[in-house]
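Take a look at the structure below.
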Amino acid sequence: MRNIKITIEYDGSRYKGFQRLNDSENTIQGKIESVLSKMEDEKIEIIGSGRTDMGVHAYNQVANFKTNSNLSIKKINEYLNKYLPEDIVIKKVEEVEDRFHSRYNVKQKVYLYKINNSKTQDVFLRKYSTHIEKSLDIELMKKASEYLVGEHDFTSFASSKSKKKSNVREIYSITINKNKDIIDIFVEGNGFLYNMVRIIVGALIDVGLHKKTPEDVKIMLDKKDRSEASDTAPAKGLYLYSVKY
């Protein structure tokens, strides 16, 4: 039995998310498993590094699966990209040691959130960024982000649906860049709670619009109460940027 690791890029616009919930749902995992299972006529289940919600994208999602196939790595890669839909691409296929687990072995992840801060919506970016017409104060957003870096209890920044035993996570860095009208927010940490990045971005947007102060973000964090924090930013601006082992 071989253990195969794959790196996946996908446009999540038309999918119910990464994780397969049942065979009738249109998911990234479901599409990949369907192609793999036909490849060697064996039932294959893939394990993702984590879930992404409906409408969320990925540059470098990682998954692994076990197979009895004797096909070469190159052939597996070619087969997947031939039969998967155009909005899912397998960037890399590797054979790894049997103990490798794409979820349990993760050391850190980087998420990217894209904001289109132009006066008018860009029709070509509408599925891949969140449009905010009013100008955002980037310097205030950067100041607010500093309160979130480090190890904290992120209960205020987790969806009420989150079922984790502990809400303590460590954020290594939050980087905010602006190039013309596009704002990129990179959040790097050792793990993330359900909707955590999108709630963080929601808070930073509120600061950028002068609805809240940077100090308000620290208060949100200290309250450890989801109702005290900002709204969740839309899914379409979020990307799983990289997974590190």
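Excluded from the calculations below are hydrogen atoms, water molecules and symmetry mates; all remaining heavy atoms, backbone and side chain alike, are included. The chain is numbered in sequence order, starting from 1.
Between the CG atom of Asn167 and the OG1 atom of Thr155 there is a distance of 3.5 Å, given to the nearest 0.5 Å. One distance of note links CG of Asp222 with CG of Asp153; it measures 10.0 Å at 0.5 Å rounding. Taken to the nearest 0.5 Å, the CG atom of Leu80 stands 10.5 Å off from the CD atom of Glu78. Between the CG atom of Leu240 and the OG atom of Ser49 there is a distance of 5.5 Å, given to the nearest 0.5 Å. Note that the NZ atom of Lys82 and the CG atom of Asn77 stand 14.0 Å from one another [nearest 0.5 Å]. Atom CZ of Arg198 sits about 11.5 Å away from atom NZ of Lys236, to the nearest 0.5 Å.
Using a 4.5 Å heavy-atom cutoff, the side chains of Leu193 and Phe157 are not in contact. Taking the side chain as every heavy atom from C-beta outward, Val93 and Ile4 approach each other to under 4.5 Å. Annotation: side chain of Ser129 is not in contact with side chain of Tyr113 (no heavy-atom distance under 4.5 Å). By the 4.5 Å heavy-atom criterion applied to side chains, Leu112 and Leu238 are not counted as neighbours. Inter-residue side-chain proximity for Asn3 and Phe65 is flagged as unmet; no heavy-atom pair is nearer than 4.5 Å. Taking 4.5 Å as the limit, some side-chain heavy atom of Tyr15 sits within range of a side-chain heavy atom of Ile88. Ile46 is listed as a side-chain neighbour of Phe18, based on a closest heavy-atom distance under 4.5 Å. When side chains are defined from C-beta on, Tyr111 does not count as touching Tyr239, because their heavy atoms never get closer than 4.5 Å.
The environment of Lys224 atom NZ is dense: over 12 non-hydrogen atoms of other residues, nucleotides or ligands sit within 6.0 angstrom. Residue Glu86 qualifies as open at atom CD: its count of foreign heavy atoms under 6.0 Å is 12 or below. Residue Lys66 qualifies as enclosed at atom NZ: its count of foreign heavy atoms under 6.0 Å is above 12. More than 12 heavy-atom neighbours from other residues, nucleotides or ligands sit within 6.0 angstrom of NZ on Lys142. Within 6.0 Å of CE on Met54 lie no more than 12 heavy atoms contributed by other residues, nucleotides or ligands. Heavy-atom neighbours of Arg2 CZ from other residues, nucleotides or ligands within 6.0 Å: above the threshold of 12.
No donor-acceptor pair under 3.5 Å is formed between the side chain of His57 and the backbone N or O of Asp11. Judged purely by atom type and a 3.5 angstrom limit, Ser156 uses its side chain to pair as donor or acceptor with the backbone of Asp225. With Gln61 contributing its side chain and Gly50 its backbone, the two residues share a donor-acceptor pair below 3.5 Å. In this structure a side-chain-to-backbone donor-acceptor pair under 3.5 Å is present from Asp137 to Leu140. A donor-acceptor pair under 3.5 Å is absent between the side-chain atoms of His210 and the main chain of Val207, judged by distance alone. Under a 3.5 Å cut-off, the side chain of Arg169 and the backbone N or O of Ser166 do form a donor-acceptor pair.
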Exercise for the section: Verify side-chain contact (heavy atoms from CB on, under 4.5 Å) between Ile171 and Phe154, making sure each step is shown before the conclusion. Expected result: CA-CA 10 Å; Ile171 297 293; Phe154 282 96; 3.5 Å; yes
Problem - Candidate pair Thr7 and Ile90, rule side-chain contact (heavy atoms from CB on, under 4.5 Å), full reasoning - result: CA-CA 6 Å; Thr7 303; Ile90 306 303; over 6 Å; no
Practice task
Applying side chain to side chain donor-acceptor pair (under 3.5 Å), run through Thr232 and Arg226 and close with a yes or a no.
Solution key: CA-CA 10 Å; Thr232 306; Arg226 174 66 188 98; 3.2 Å; yes
Practice task
Test side-chain contact (heavy atoms from CB on, under 4.5 Å) on Ile183 and Leu136 and set out the steps.
Solution key: CA-CA 9 Å; Ile183 298 170; Leu136 291 167; 3.7 Å; yes
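Linking ILVMFWY residues whenever their side-chain heavy atoms come closer than 4.5 Å, directly or via other members, leaves Val96 and Leu36 in distinct clusters. Placement of Phe192 and Ile28 in two distinct hydrophobic clusters is found when ILVMFWY residues are connected by side-chain heavy-atom separations under 4.5 Å, directly or transitively.
Listed by first and then second residue, the salt bridge (charged side-chain N to carboxylate O under 4.0 Å, His left out) pairs that reach into residues 108-126 are Lys114-Asp184, sequence neighbours excluded. The salt bridge (charged side-chain N to carboxylate O under 4.0 Å, His left out) contacts involving residues 171-181 comprise nothing, where partners must be two or more places apart or lie in separate chains. Sorted by first then second residue, the salt bridge (charged side-chain N to carboxylate O under 4.0 Å, His left out) pairs that include residues 31-47, not counting sequence neighbours, are Arg20-Glu33.
Aromatic ring pairs are classed by plane angle as parallel below 30°, tilted from 30° to 60° and perpendicular above 60°; the pair Tyr59 and Tyr241 is perpendicular. Aromatic ring orientation, Tyr104 versus His101: parallel (interplanar angle below 30°, classes split at 30° and 60°).
Between the side chains of Ser230 and Asp206, at least one donor-acceptor pair of N or O atoms lies under 3.5 Å. Side chain to side chain, Asn60 and Lys91 meet the donor-acceptor criterion of an N or O pair below 3.5 Å. Tyr128 and Asn116 share no side-chain donor-acceptor pair at under 3.5 Å.
Minimum heavy-atom separation, Thr27 to Gly30: OG1-N, 3.0 Å. A pairwise comparison of heavy atoms in Ile199 and Ala229 identifies CG2-CB, 4.3 Å as the closest pair. The minimum heavy-atom distance linking Gln19 with Gln29 is given by the pair CA-OE1, 3.4 Å.
Between Lys5 and Glu95 there is no salt bridge, since no side-chain nitrogen of the basic residue lies less than 4.0 Å from a carboxylate oxygen of the acidic one.
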